[in-house]
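Presented below is the structure to which this report refers.
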Amino acid sequence: TYRASMSQSLTLAMPEPGRRKSRRLFFPGCTLPALNPRQAVAIYDVLRRHFSGVGVLLQCCGVPADALGMADEAAHAREELLRHAEDIGAEEVLVLCPSCVVALRSESRGPKITSVWEALAGSWEPPRHAEGARLAVHDPCRARHDSGLHDAVRTLVNAAGAEIDEVAFGRERTRCCGFGGAMYPVDPELSRRFSDRRVAETPWPYVTPCAGCQTALASRGKESIHLWDLLLSPDWRTLAQERPRAGLAGYTN
């Protein structure tokens, strides 16, 4: 799986259409483009309208290899990704996935790493599709110490019109969704117990900036929505009730 994620067929480094170089690159991570490619394109469209000269970068950031103890392979993935960014002239990479943000910020060299959510919070007004809704935020455990991300997510949820019910284990005290650290393929039963514990913490639907976390919560029957679906989809309530595609099916379609 690691070798496939680093292959030429799954790697794309492209400046904004019509340009030879780009100051910024949009890096959506692996999970969202695999499970919901249309949503990844919609996010890119918003970023292109909001910022000038945004290209696209697709490749594994090394987090899966790191979770499996393959430190050298993970470091190689990060180095290759940053090399692609530098070749295009990028000064900043706009990263969607919270886990990817943490991984790429661990590198001392390369372009500035900025969370898409932090880049948009406070400067972009989303449609108020969630007017009057009450939601709980699931903060990804890998980004538990990223207070900027926590604040940005809540700013955008409020901007969409929703009220937030803060769970006891949120922000830096957040609990794992059950998919962290490659838990599911190693110990599916333990993974389900973690997910069920998180599901039971609130009666309200969860909104989260992590596609993997949303998949984990939805797989246990919990109403949950990826933050971008909340921000852009008038039919987000229906989407929050959908069950995810099982296993690796979404990655191979």
Side-chain angles (χ1 to χ4, degrees), residues 24-33 35-36 38-52 54-58 61 63 85 90-106 111-130 133 135-167 170-174 177 179-180 205-217 224-233 236 239-240:
R24 296 185 179 91
L25 291 175
F26 170 47
F27 180 64
C30 297
T31 304
L32 188 72
L35 299 179
N36 197 335
R38 290 184 180 180
Q39 188 185 73
V41 172
I43 299 169
Y44 181 49
D45 289 342
V46 170
L47 292 174
R48 287 187 66 190
R49 290 195 299 269
H50 201 71
F51 301 101
S52 62
V54 182
V56 176
L57 181 59
L58 293 175
C61 72
V63 165
E91 300 172 7
E92 183 177 26
V93 180
L94 301 172
V95 184
L96 185 71
C97 172
S99 292
C100 295
V101 170
V102 174
L104 295 177
R105 283 180 177 168
S106 68
K112 178 182 179 182
I113 304 300
T114 302
S115 165
V116 166
W117 312 112
E118 290 184 67
L120 292 176
S123 62
W124 174 66
E125 287 296 324
R128 294 183 68 84
H129 292 317
L135 302 167
V137 173
H138 170 74
D139 298 299
C141 62
R142 188 171 174 88
R144 66 172 67 252
H145 300 301
D146 191 342
S147 60
L149 172 67
H150 304 158
D151 292 341
V153 168
R154 287 156 177 79
T155 295
L156 289 167
V157 171
N158 288 150
E163 181 180 350
I164 296 173
D165 185 71
E166 293 286 358
V167 295
R171 294 182 178 265
E172 70 278 358
R173 300 179 69 235
T174 193
C177 68
F179 273 23
Y206 271 121
V207 57
T208 179
C210 175
C213 292
Q214 192 274 327
T215 298
L217 297 169
S224 56
I225 191 76
H226 189 273
L227 177 54
W228 206 260
D229 277 327
L230 178 77
L231 298 177
L232 288 187
S233 301
W236 68 268
L239 296 176

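One is the number of the first residue; the rest follow in order along the sequence.
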When rounded to the nearest 0.5 angstrom, what is the spacing between [atom1] in [X] and [atom2] in [Y]?
X	Y	atom1	atom2	value
L96	T31	CG	OG1	10.0 Å
S115	L94	OG	CG	9.0 Å
D146	E172	CG	CD	11.5 Å
T208	L217	OG1	CG	7.0 Å
L227	Q214	CG	CD	11.0 Å
L135	E166	CG	CD	11.5 Å

Give me the atom names and distance for the closest heavy-atom approach of [X] to [Y].
X	Y	result
A143	P98	CB-CB, 4.0 Å
L231	A160	CD2-CB, 4.0 Å
Q39	L32	OE1-CD1, 2.5 Å
A159	E125	CB-OE1, 4.3 Å
T174	P140	CG2-O, 3.9 Å
L58	G29	CD2-O, 4.4 Å

Given side chains that start at C-beta, do those of [X] and [Y] come closer than 4.5 Å, heavy atoms only?
X	Y	answer
L156	E118	no
H50	S123	yes
L149	V101	no
H138	C177	yes
D139	R154	yes
W228	N36	no

Note to self: Test side-chain contact (heavy atoms from CB on, under 4.5 Å) on L230 and L239; report intermediate values, then the result.
What the structure shows: CA-CA 9 Å; L230 178 77; L239 296 176; over 6 Å; no

[X] side chain to [Y] main-chain N or O, any donor-acceptor pair under 3.5 Å?
X	Y	value
W236	I225	no
T114	A119	no
R105	I113	yes

Next item on the list: If the plane angle is over 60° it's perpendicular, under 30° parallel, otherwise tilted; pick one for W117 and H226.
Entry: tilted

Check: Any idea how F26 and Y44 line up, ring-wise: parallel (<30°), tilted (30 to 60°), or perpendicular (>60°)?
Finding: parallel

Notebook entry, point to check: How far apart are the C-alpha atoms of L57 and R24, what are their side-chain angles, what is the distance that settles it, and do they pass the side-chain contact (heavy atoms from CB on, under 4.5 Å) test?
Noted result: CA-CA 10 Å; L57 181 59; R24 296 185 179 91; over 6 Å; no

Checklist line | Of V93, V56, V116, the residue whose pairing with F27 passes side chain to side chain contact (heavy atoms under 4.5 Å, CB included) | finding: V93

